[in-house]
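Fair warning: this is a prediction, and the values are worked out from it, not measured in the lab. Heavy atoms only: backbone and side chains are in, while hydrogens, waters and symmetry mates are out.
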Amino acid sequence: MTGGTDCSGFTMQVYKHFGYSIPRTSGAQASGAGKQVSLSSLKAGDLIFYKKGGVVNHVALYIGGGKVVHASTPKSGIKISTYNYRTPYMARRVIN
């Protein structure tokens with residue numbers, strides 16, 4: 001279970017735990033958290049964003065090895081998936 005958190009709430013809380021402040025929603029994180037990086041240069045800790053209907057609607061935290069951790073659904077909870085389980089739209093790096 002996700003304990004009531006959604007994808008962007010999850011990434012925001014992970015970053016907060018380590019002393020970083022990022023926006024609350026996935027759309028705001030995509031436009032204002034850190035700097036954009038290419039999907040070919042991902043590092044652990046990067047945020048990966050996904051779109052649906054032309055709008056950013058999901059964010060996951062890259063953990064290395066082609067994997068992300070994310071708040072999936074209330075039923076499946078926090079889980080690890082391949083970073084391309086959906087088509088990634090863009091990535092941002094908050095921690096240099």
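- Within the 4.5 Å cutoff, the side chain of Q36 has heavy atoms near those of the M90 side chain.
- Pairs of residues two or more places apart, or lying in two chains, that qualify as side chain to side chain donor-acceptor pair (under 3.5 Å) and include a residue from residues 19-28 are D6-R24, S8-R24.
- Under the rule for a ring pair (Phe, Tyr, Trp, His ring centres under 6.0 Å), F10 has no partner lying at least two apart in sequence or in another chain.
- Donor-acceptor pairing under 3.5 Å is recorded for the side chains of Q29 and T11.
- For R93, the salt bridge (Lys or Arg N to Asp or Glu O under 4.0 Å) test picks out D46, with sequence neighbours left out.
- Tracing side-chain contacts under 4.5 Å through hydrophobic residues (I, L, V, M, F, W, Y), one never reaches F49 starting from V55; they form parts of separate clusters.
- In the hydrophobic clustering of ILVMFWY residues, with side-chain heavy atoms under 4.5 Å counting as a link, I80 and L61 come out together.
- Under the rule for a side-chain hydrogen bond (donor to acceptor under 3.5 Å, both in side chains), T87 has no partner lying at least two apart in sequence or in another chain.
- Two residues are said to be in side-chain contact when any heavy atoms from C-beta on lie closer than 4.5 Å; I78 and T5 meet this criterion.
- Closest of all the heavy-atom pairs between S72 and K79 is CB-CD, 3.5 Å.
- Linking Ile, Leu, Val, Met, Phe, Trp and Tyr whenever their side-chain heavy atoms come within less than 4.5 Å puts V69 and V94 in one cluster.
- Proximity of a side-chain donor or acceptor of R92 to a complementary backbone N or O of L47 within less than 3.5 Å is not detected.
- Remark: S81 pairs with H70 by the side-chain hydrogen bond (donor to acceptor under 3.5 Å, both in side chains) rule, at least two apart or across chains.
- Y89 and L42 fall into different hydrophobic clusters, where Ile, Leu, Val, Met, Phe, Trp and Tyr side chains are chained together by heavy-atom contacts under 4.5 Å.
- Considering only residues two or more places apart in sequence or on other chains, R86 meets the side-chain hydrogen bond (donor to acceptor under 3.5 Å, both in side chains) condition with N57.
- Considering only heavy atoms from C-beta on, Y50 comes within 4.5 Å of V68 through its side chain.
- Follow the hydrophobic side-chain contacts under 4.5 Å out from I22 and you reach V14 in the same cluster.
- Put simply, the side chain of Y62 gets close to the backbone of G66: a donor and an acceptor are under 3.5 Å apart.
- I48 CD1 to I63 CD1: the interatomic distance, rounded to the nearest 0.5 Å, is 10.0 Å.
- Under the 4.5 Å side-chain criterion, counting only non-hydrogen atoms from C-beta, K43 is not in contact with I95.
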